[in-house]
Amino acid sequence: MNLLEFHSVCLINGIILDEEQIVLFERYHRELVYWNEKINLISQKDVENIYLRHFLHSLTLLKYIEIPSKSYCLDIGTGGGFPGIPLKIARQDLRFVLLESVNKKAKLAEMFAKHTGLPSVEVIAKRAENLGKDKSYINKFNFVFTRAVSRVKNILNWSIPFLKNGGKIIMLKGGNLQKEVDEAIKSYSNANFLEILIQIKNCDWFENEDKKILICSFTQEH
């Protein structure tokens with residue numbers, strides 16, 4: 001998938017990007033390719049598929065999740081900036097904290113955000129467990145996002161301290177998630193899960209790869 005195809009598929013699926021945003025995605029793509037040769041951010045086999053497997057995958061959240069304006073969002077395990085930076089490019093009203101435990105990757109994510117001129121993005125080089133001890137981030141976020149980070153129970157363990165009451169944890173995952181969900185419910189009986197199979201018009205890769213969005217909300221204060 002090239003830049004033009006990426007823009008076209010986004011448009012067909014109701015993800016509207018203007019000319020300036022497309023320029024930012026092109027710049028982000030260029031820097032990812034360059035820096036990935038020096039520091040492994042994404043697998044080499046994915047370098048030719050960044051627009052599909054990283055940018056569009058991140059933006060599928062906008063098709064299925066209603067994210068209110070000016071929501072405060074945390075991206076745990078952002079790596080090279082996914083899904084936080086693509087979401088921020090598409091929704092610049094959102095505020096983001098990108099959390100990455102590997103210092104080199106965190107520095108690159110911060111550089112990518114700065115080079116794309118994105119406001120209201122903070123990058124932190126820490127493990128989620130350690131940031132969870134900082135009171136300035138506890139119970140502050142409307143959404144916590146993760147992409148292929150860990151098992152569902154682990155993600156809840158890390159994410160819950162950061163959520164405002166009524167906040168949601170949004171996970172990009174794949175495959176059969178039932179065992180992971182059952183495991184998580186044993187520890188968090190008030191957790192409610194909604195599993196969505198990603199279906200993108202004019203792009204069957206997500207269905208073929210069984211890519212899913214898993215939404216976790218809570219019936220009462222967590």
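Predicted model only: the values in this text are computed from it and were never measured.
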(request) Please round to the nearest 0.5 Å and tell me the distance separating atom OH of Tyr34 and atom CG of Asn36. (result) 12.5 Å
(request) Decide side chain to side chain contact (heavy atoms under 4.5 Å, CB included) for Ile15 and Leu11; before the verdict, give the C-alpha distance in whole Å, the side-chain angles of both, and the deciding distance to 0.1 Å. (result) CA-CA 5 Å; Ile15 302 167; Leu11 183 63; over 6 Å; no
(request) Check the pair Ser150 / Trp158 against side chain to side chain contact (heavy atoms under 4.5 Å, CB included), numbers first and verdict last. (result) CA-CA 10 Å; Ser150 185; Trp158 299 330; 3.5 Å; yes
(request) Report whether Val123 and Tyr28 are members of the same hydrophobic cluster (ILVMFWY, side-chain heavy atoms less than 4.5 Å apart, transitive linking). (result) yes
(request) Using a cut-off of 6.0 Å, state whether more than 12 heavy atoms not belonging to Lys168 lie near its atom NZ. (result) no
(request) Output, in order, the C-alpha distance, side-chain angles, deciding distance and verdict of side chain to side chain contact (heavy atoms under 4.5 Å, CB included) for Lys212 and Glu195. (result) CA-CA 7 Å; Lys212 295 171 180 176; Glu195 183 179 307; 2.9 Å; yes
(request) Determine, using the 4.5 Å side-chain heavy-atom cutoff (strictly less than), whether Leu62 and Met1 are members of one ILVMFWY cluster. (result) yes
(message) So for atom CD, which belongs to Glu129, do other residues, nucleotides or ligands contribute more than 12 heavy atoms lying within a distance under 6.0 Å?
(response) yes
(request) Before accepting this row, confirm whether a basic side-chain N of the pair Arg53/Asp46 lies closer than 4.0 Å to the acidic partner's carboxylate O. (result) yes
(message) Could you check whether any side-chain N or O of Thr78 sits under 3.5 Å from a backbone N or O of Asp75, counting only pairs where one atom can act as donor and the other as acceptor?
(response) no
(request) Could you tell me whether a side-chain N or O of Ser58 sits under 3.5 Å from a main-chain N or O of His54, the two making a donor and an acceptor? (result) yes
(request) Give the minimum heavy-atom separation between Leu56 and Cys203, together with the two atoms involved. (result) CD2-SG, 4.2 Å
(message) Salt bridge check, Arg151 against Glu183: does any charged N sit closer than 4.0 Å to a carboxylate O?
(response) yes
(message) Could you report the tightest heavy-atom contact between Arg127 and Ser101, atom names first, then the distance?
(response) CG-CB, 3.7 Å
(request) Kindly determine whether Tyr188 and Asn157 satisfy side chain to side chain contact (heavy atoms under 4.5 Å, CB included), including the steps that lead there. (result) CA-CA 9 Å; Tyr188 299 99; Asn157 289 341; 2.4 Å; yes
(message) If you compare all heavy atoms of Pro161 against all heavy atoms of Ile138, which two are closest, and at what distance to 0.1 Å?
(response) O-CG2, 3.3 Å
(request) Using a strict cut-off of less than 4.0 Å between a Lys/Arg side-chain nitrogen and an Asp/Glu carboxylate oxygen, indicate whether Lys126 and Glu100 qualify as a salt bridge. (result) no
(message) Quick check for you: to the nearest 0.5 Å, what is the distance between Thr146 atom OG1 and Ile170 atom CD1?
(response) 9.0 Å
(request) Please tell me if the side chains of Arg91 and Phe96 come closer than 4.5 Å, counting only heavy atoms from C-beta onward. (result) no
(request) Check for a donor-acceptor pair, side chain of Ser8 on one end and backbone N or O of Leu4 on the other, with a separation under 3.5 Å. (result) no
(message) So which atom in Ala184 and which in Leu156 form the shortest heavy-atom distance, rounded to 0.1 Å?
(response) CB-CD2, 4.3 Å
(request) With rounding to the nearest 0.5 Å, note down the distance linking CG in Leu172 to CZ in Phe145. (result) 9.0 Å
(message) Can you tell me how far apart NZ (Lys70) and CG (Asn142) are? Round to the nearest 0.5 Å.
(response) 12.5 Å
(message) If the test is side-chain contact (heavy atoms from CB on, under 4.5 Å), which one of Ile89, Leu3, Ile50 qualifies with Phe55?
(response) Ile50
(message) Looking only at the side chains, is there a donor atom on one of Tyr51 and Glu26 sitting less than 3.5 Å from an acceptor on the other?
(response) no
(message) Are Ile124 and Leu41 linked, directly or through intermediate hydrophobic residues, by side-chain heavy-atom contacts shorter than 4.5 Å (ILVMFWY only)?
(response) no
(message) Are Phe143 and Ile198 linked, directly or through intermediate hydrophobic residues, by side-chain heavy-atom contacts shorter than 4.5 Å (ILVMFWY only)?
(response) yes
(message) Counting C-beta onward and ignoring hydrogens, is there a side-chain heavy-atom pair between Leu108 and Lys104 closer than 4.5 Å?
(response) no
(request) Give a yes-or-no answer on whether the side chains of His115 and Arg27 include a donor-acceptor pair shorter than 3.5 Å. (result) no
(request) State the CD1-CG distance between Ile42 and Asn49, to the nearest 0.5 angstrom. (result) 9.0 Å
(message) Is it the case that over 12 heavy atoms from other parts of the model lie below 6.0 angstrom from the NZ atom of Lys140?
(response) no
(request) Measure the spacing between CG of Leu74 and CG of Leu131 and express it to the nearest 0.5 Å. (result) 7.0 Å
(message) Counting C-beta onward and ignoring hydrogens, is there a side-chain heavy-atom pair between Ile169 and Ile215 closer than 4.5 Å?
(response) no
(message) Closer than 3.5 angstrom, by distance alone: can the side chain of Glu180 be matched with the main-chain N or O of Val152 as a donor-acceptor pair?
(response) yes
(request) For the residue pair His57 and Phe206, categorise the inter-ring angle as parallel (less than 30°), tilted (30 to 60°) or perpendicular (more than 60°). (result) tilted
(message) Could you walk me through whether Tyr137 and Phe162 satisfy the ring pair (Phe, Tyr, Trp, His ring centres under 6.0 Å) test, starting with their C-alpha distance in whole Å, then the side-chain angles of each, then the deciding distance to 0.1 Å, before giving a yes or no?
(response) CA-CA 6 Å; Tyr137 295 97; Phe162 301 111; 7.4 Å; no
(message) Could you report the tightest heavy-atom contact between Phe141 and Cys73, atom names first, then the distance?
(response) CD2-C, 3.5 Å
(message) Could you see if Phe82 belongs to whatever hydrophobic cluster contains Met171? Use Ile, Leu, Val, Met, Phe, Trp, Tyr and a side-chain cutoff under 4.5 Å.
(response) no
(request) Go through the side-chain N and O atoms of Asn13 and Lys201 and say whether any donor and acceptor fall under 3.5 Å apart. (result) no
(message) So for atom NZ, which belongs to Lys153, do other residues, nucleotides or ligands contribute more than 12 heavy atoms lying within a distance under 6.0 Å?
(response) no
(request) Provide the closest heavy-atom pair for Phe218 versus Gly167 in the form atom of the first, atom of the second, distance. (result) CD1-O, 4.4 Å
(message) Looking at Glu209 and Lys211, is any side-chain nitrogen of the basic one under 4.0 Å from a carboxylate oxygen of the acidic one?
(response) no
(message) Would you say that Asn165 contacts Asn139 through its side chain, given a criterion of any heavy-atom pair below 4.5 Å between the two side chains?
(response) no
